[in-house]
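Contents: one structure, followed by commentary.
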Amino acid sequence: MAEQLVRVIVEFSYDEFRPYYEGLAREVVAPSLDGRWIRFPASALRSYFTHDGINGIFELRFDTKNKLISLNKIK
């Protein structure tokens, strides 16, 4: 099984994402563009957190054991 590439839609207001940023919640569950729900570490989104929250389409790469390798904002 090869690495998996998934694109997800992430939409959080500042107040919604704050518990994730503070480490009170560890995982985010977001819808993928192909209809699945994808779970990944909230810490991967910290650098994208602003006063407006987090909004966009992100590309996630997972290894063969479903461990997150990378996350990049694409839109």
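When reading the values below, keep in mind they use all heavy atoms of this one structure, side chains included, and skip hydrogens, waters and symmetry mates.
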Taking E59's backbone N and O only, do any of them form a donor-acceptor pair with K73's side chain (distance below 3.5 Å, no angle check)? no
Do the rings of Y14 and H51 sit parallel, tilted or perpendicular, given the 30° and 60° boundaries? parallel
Taking the ring of Y20 and the ring of F12, is the distance between their centroids below 6.0 Å? yes
The reported gap from CD1 in I38 to CG in L33 (rounded to nearest 0.5 angstrom) is 10.0 Å
Tell me the closest heavy-atom pair linking R36 and V6, and the distance in Å. NH2-CG2, 3.7 Å
Is it the case that S13 and D15 place a side-chain donor and acceptor less than 3.5 Å from each other? no
Could you tell me whether Y21 atom OH has more than 12 heavy atoms of other residues or ligands within 6.0 Å of it? no
Within this structure, what is the CG-CD1 distance for the pair N72 and I57, rounded to the nearest 0.5 Å? 13.5 Å
Got a sec: does the CZ of R18 have more than 12 other heavy atoms crowding it under 6.0 Å? no
Can you name the closest pair of heavy atoms from E22 and R46 and give their distance? C-NH2, 4.4 Å
Distance col, row E3:CD vs F62:CZ, nearest 0.5 angstrom, shows 11.5 Å
Please step through side-chain contact (heavy atoms from CB on, under 4.5 Å) for the pair R7 and I74, ending with a clear verdict. CA-CA 9 Å; R7 290 183 176 179; I74 58 171; 3.3 Å; yes
Please report the interatomic distance CD(Q4) to CG(L60), rounded to the nearest 0.5 Å. 10.0 Å
A30 to I9 - nearest heavy-atom pair and separation: CB-O, 3.5 Å
Check this for me: does any side-chain nitrogen of one of D63 and K65 sit under 4.0 Å from a carboxylate oxygen of the other? no
State plainly whether one hydrophobic cluster holds both L68 and V10, where clusters connect Ile, Leu, Val, Met, Phe, Trp and Tyr through side-chain heavy atoms under 4.5 angstrom apart. yes
Please examine the side chains of F17 and L45, heavy atoms only from C-beta on, and report whether any two atoms are closer than 4.5 Å. yes
Can you find a pair of side-chain heavy atoms, one from R39 and one from V28, that are under 4.5 Å apart? no
Heavy-atom pair of closest approach, residues A25 and A42: O-CB, 4.0 Å
